[in-house]
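Here the structure is a predicted model, which is why all the values come from computation and not from measurement. Only heavy atoms go into these numbers, but all of them, side chains included; no hydrogens, no water, no symmetry mates. Indexing begins at 1, ligand by ligand and atom by atom, following the structure's order.
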Amino acid sequence: MSKPLIIAIDGPSGAGKSTLSKALATDLGYIHIDTGAMYRSVALLATRRQIPLDDAEILQLLCQQMQLEFRRDGGETKVFVNGEDVSSAIRSPEVSLLTSEVAACPTVREELVRMQQQMGEGGGVVLEGRDIGTVVFPQAEIKFFLSASVEERGRRRFEELQARGVQVDLRQTIEEVRVRDDADSSREHAPLRRAPDAIDIDSTALNIEQVEALMLEVVRERLAQG
Ligand code: DC
């Protein structure tokens, strides 16, 4: 049997990382680790506890004490923090914006990267994020960098929020995606960057099935090499 792989999927928000990493993990029987959900969970806890988002020391303590777990529930993976299902709460537009701030904090990154490395070290995992192929697992056997135009990503986010009953405006959603892109790409610590050995996929004009097929082809080829 081939060795279980570490698969990294990086890229900006709305490029389809979540849907695709979930689909790929299901196809391969691998574990899916949504690292964005981890940064979102820290942002949610910090705002609830009124912790200033520039207090690196308290944020680090918060991460160290946080019990975070991904639990499979039917076909879905839910995020539990300190025993509470926060899967919906971490997806609100407010938490999305605050997460960029929290994700810029070096102590938060240090703690969460450590957790991610522990979760993934045995292989058989698909990790999605911004720095998986560059910082968390530079040795990952397969790295994808998934992108799409900002308008297309904003439109996808808009539809996703609407489907969940969240009232939003399309132009504002595109603008929020742009603001988050800027924050994630220009921050000092572990900015969104493509690993030099990543495989680029632009999903602007492709549907999920087409991208999934491309990814599976790469994975099968790699697995066949043993
Ligand atoms: O993928 P997402 O939209 O759920 O990510 C939420 C935020 O967390 C986004 O601002 C980028 C940040 N993030 C990060 O800095 N590093 C990661 N590995 C994953 C997410």
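Polar contact check, Ser96 against ligand 1: no nitrogen or oxygen pair lies under 3.5 Å apart. Of the N or O atoms in Asp34, none lie within a sub-3.5 Å distance of an N or O in ligand 1. At least one N or O atom of Arg180, backbone or side chain, sits closer than 3.5 Å to an N or O atom of ligand 1.
Protein heavy atom in closest approach to atom 4 (O) of ligand 1: Arg40 NE, 2.7 Å. Protein heavy atom nearest atom 16 (N) of ligand 1, with residue, atom name and distance: Arg109 NH2, 3.0 Å. Given atom 19 (C) of ligand 1, the protein heavy atom at minimum distance is Thr35 OG1, 3.4 Å. Counting protein heavy atoms only, atom 7 (C) of ligand 1 is closest to Thr99 CG2, 3.4 Å.
Close contacts of ligand 1 with Ala103, meaning ligand atoms under 4.0 Å from a residue heavy atom, involve 12 (C), 15 (O). Counting atoms of ligand 1 from 1 in the listed order, those under 4.0 Å from a heavy atom of Asp184 are 9 (C), 10 (O), 11 (C). Every atom of ligand 1 with a heavy atom of Arg157 under 4.0 Å away is listed here by number and element: 3 (O). For ligand 1, the atoms lying closer than 4.0 Å to a non-hydrogen atom of Gly36 are 4 (O), 5 (O), 19 (C), 20 (C). Residue Asp131 has at least one heavy-atom neighbour below 4.0 Å for each of these atoms of ligand 1: 17 (C), 18 (N).
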Given the rule in the salt bridge (Lys or Arg N to Asp or Glu O under 4.0 Å) test, do Arg155 and Glu151 qualify, once you have shown the distances and angles that lead to the verdict? CA-CA 6 Å; Arg155 196 187 56 73; Glu151 291 77 16; over 6 Å; no
Could you walk me through whether Arg187 and Asp131 satisfy the salt bridge (Lys or Arg N to Asp or Glu O under 4.0 Å) test, starting with their C-alpha distance in whole Å, then the side-chain angles of each, then the deciding distance to 0.1 Å, before giving a yes or no? CA-CA 12 Å; Arg187 68 169 175 239; Asp131 58 345; 5.6 Å; no
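Under a 4.0 Å N-O distance rule, the pair Glu175/Arg171 does not qualify as a salt bridge. A salt bridge does not link Glu176 with Arg157: none of the charged nitrogens is closer than 4.0 Å to a carboxylate oxygen.
Here the side chains of Ile31 and Phe70 are not in contact, with every heavy-atom distance at 4.5 Å or above. Within the 4.5 Å cutoff, no side-chain heavy atoms of Ile201 are placed close to those of Leu20. Counting heavy atoms from C-beta outward, Arg130 and Lys17 have side chains that approach closer than 4.5 Å. Counting heavy atoms from C-beta on, the side chains of Arg153 and Arg180 never come closer than 4.5 Å.
Every heavy atom of Met38 sits 4.0 Å or more from the atoms of ligand 1.
Residue Glu128 does not touch ligand 1, judged by heavy-atom distances below 4.0 Å. Residue contacts with ligand 1 for Gln116 are absent, since no atom lies close enough (heavy atoms, distance under 4.0 Å).
In the candidate list Lys17, Arg130, Arg91, Arg130 is nearest to atom 13 (N) of ligand 1, counting heavy atoms.
Taken to the nearest 0.5 Å, the CG atom of Leu98 stands 13.5 Å off from the CD1 atom of Ile90.
Listed for the Ser203 side chain is a donor-acceptor partner under 3.5 Å among the backbone atoms of Ala15.
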